[in-house]
Amino acid sequence: MPISITLIGGPTALIEIDGFRLLTDPTFDAPGAYQLPHVKLEKTIGPAMKADAIGPIDAVLLSHDQHSDNLDNSGREFLLKARRALTTEAGARRLGGHVEGLAPWATAHVKDRDGNALTITATPARHGPAGIEPLSGDVIGFVVSSSRKDTGAVYISGDTTWFDGVAEVARRFKCTVVMPFAGAAQTRGPFHLTMDTNDTIETARAFPDAMIVPVHTEGWAHFRQNSEDLRKTFDVLGFGTRLRLLEPGVPTVIEAP
């Protein structure tokens, strides 16, 4: 079955798969400055869709809750009203309510009335170089697998760089769509906190049967690379046919390469 993805902005995307609707890291606030405890982030582009235009969601998949470029004020309101919300164990404790916390490799299930189901597996993520964890906090990604045999799995990396945890996801799951959180985000040091072009290429190599659909490439001043940088890199290295760039606000059907 086809998988449709609509980029809302930054890391926020609506994934429609087998009749289920999932939303990644909800960010719906307007452009402006956002002060975090140790750094100020500047949002430069507003969302392509407002929160009230999204419609019913079966689950929100939140990679982590402490950075406003992954969960802002409007996104928090949306998440707490959603039917299901999955994030890190620490994040679930902070957010409270009905938010469910998952450790890496733990699973949750979403079912419909016809017996169709999605299995959502939390995956390891590291929000920067080795040793960054005390600063960046816990982060997870997700693999979404359908009970339908004709629907491929989707990997959503969450805020992570390429590391052994991502490679392990590739060893465990055969995915037809991979959504790396790219943009080479950089804030307080000379290192990036999300995938750069090299990391995204490594991810494409690890998932040879997947279409690469990057998010988290536009909309914030601390993103050091964008979708055009990815396009040039993939073209030069012969991976161009495996890269699908999304136009914000436009539902796009993604098929395996």
Side-chain angles (χ1 to χ4, degrees), residues 1-17 22-25 27 44-45 47-49 61 63 69-70 123 125-127 141-145 151-163 165-186 192-220 222-257:
M1 295 286 290
I3 296 166
S4 175
I5 303 176
T6 306
L7 177 63
I8 310 301
T12 310
L14 173 64
I15 304 169
E16 297 177 270
I17 175 172
L22 310 173
L23 191 79
T24 62
D25 292 22
T27 55
T44 59
I45 302 174
M49 298 172 63
L61 308 181
S63 66
D69 57 330
N70 296 86
T123 58
R126 192 182 72 200
H127 199 1
F142 303 91
V143 169
V144 179
S145 306
T151 301
V154 179
Y155 171 44
I156 303 144
S157 78
D159 269 7
T160 188
T161 54
W162 169 263
F163 77 117
V166 177
E168 182 61 24
V169 177
R171 287 189 286 267
R172 295 192 184 203
F173 295 94
K174 181 179 175 64
C175 298
T176 58
V177 177
V178 169
M179 299 174 62
F181 281 33
Q186 184 176 328
H192 57 269
L193 303 170
T194 58
M195 291 192 184
D196 64 2
T197 55
N198 290 345
D199 289 341
T200 309
I201 284 290
E202 289 293 340
T203 302
R205 291 183 186 277
F207 294 90
D209 300 317
M211 185 65 76
I212 308 301
V213 186
V215 296
H216 199 279
T217 61
E218 320 282 347
W220 290 84
H222 63 288
F223 294 175
R224 297 295 185 255
Q225 295 177 345
N226 57 30
S227 56
E228 185 59 26
D229 294 318
L230 285 170
R231 167 62 69 197
K232 292 176 180 177
T233 301
F234 271 64
D235 285 346
V236 167
L237 296 178
F239 284 73
T241 58
R242 296 188 51 210
L243 182 69
R244 187 65 182 271
L245 301 179
L246 300 175
E247 181 180 348
V250 178
T252 304
V253 173
I254 307 298
E255 298 180 356

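Everything quoted here is computed from the prediction, not taken from an experiment.
Listed by chain and number, the residues in a salt bridge (Lys or Arg N to Asp or Glu O under 4.0 Å) with Arg224 amount to none (sequence neighbours excluded). Evaluation of the side-chain contact (heavy atoms from CB on, under 4.5 Å) rule for Ala125 yields Val139, Thr160 as partners, not counting sequence neighbours. Asp235 meets the side-chain contact (heavy atoms from CB on, under 4.5 Å) test with Arg231; sequence neighbours excluded. Listed by chain and residue number, Trp220 satisfy the ring-ring contact (aromatic ring centres under 6.0 Å, His included) test with His222 (two or more places apart in sequence, or in another chain).
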Enumerate donor-acceptor pairs with a distance under 3.5 Å from any side-chain N or O in residues 201-215 to protein atoms, sequence neighbours excluded.
residue	atom	partner	partner atom	Å
Thr203	OG1	Asp199	O	2.9
Asp209	OD2	Lys174	NZ	2.5

Using atom types as modelled, flag every donor-acceptor pair under 3.5 Å from a side chain in residues 244-257 to any protein atom, sequence neighbours excluded.
residue	atom	partner	partner atom	Å
Thr252	OG1	Val250	O	3.1

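Side-chain atoms of Thr194 come within 3.5 Å of backbone atoms of Ala182 as a donor-acceptor pair (strictly under, hydrogens ignored). Under the 3.5 Å distance criterion, the side-chain polar atoms of Thr233 are left unmatched by any main-chain donor or acceptor of Thr197. His192 contributes no side-chain N or O that, together with a main-chain N or O of Gln186, makes up a donor-acceptor pair within less than 3.5 Å. Not a single donor-acceptor pair under 3.5 Å links the side chain of Gln225 to the backbone N or O of Thr217. Using a distance-only test at 3.5 Å, with no hydrogens or angles considered, no donor-acceptor pair links the side chain of Thr12 to the main chain of Ile8.
Here the shortest heavy-atom pairing between Ile17 and Gly152 reads CD1-O, 4.2 Å. Scanning both residues, Ala184 and Asp196, for their nearest heavy atoms gives CB-CB, 3.7 Å.
The distance from atom OG of Ser4 to atom CG of Leu14, rounded to the nearest 0.5 Å, is 7.0 Å. Interatomic distance, CD of Glu168 versus CZ of Phe173, reported as 9.5 Å (0.5 Å rounding).
His216 and Phe181 have parallel rings, their planes meeting at less than 30° on a 0 to 90° scale where 60° marks the start of perpendicular.
Between Ser157 and Met195 there is a side-chain heavy-atom pair separated by less than 4.5 Å. Side-chain contact check for Tyr155 versus Thr123: some heavy-atom pair is nearer than 4.5 Å. Contact of the Val178 side chain with the Val154 side chain is not registered, since no non-hydrogen atoms from C-beta on lie closer than 4.5 Å. Here the side chains of Asp159 and Asn70 are in contact, with some heavy-atom distance below 4.5 Å.
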(request) Kindly determine whether Phe223 and Asp69 satisfy side chain to side chain contact (heavy atoms under 4.5 Å, CB included), including the steps that lead there. (result) CA-CA 10 Å; Phe223 294 175; Asp69 57 330; 4.1 Å; yes
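A side chain to side chain contact (heavy atoms under 4.5 Å, CB included) with Ile156 is found for exactly one of Val143, Ile15, Leu22, Asp25, namely Ile15.
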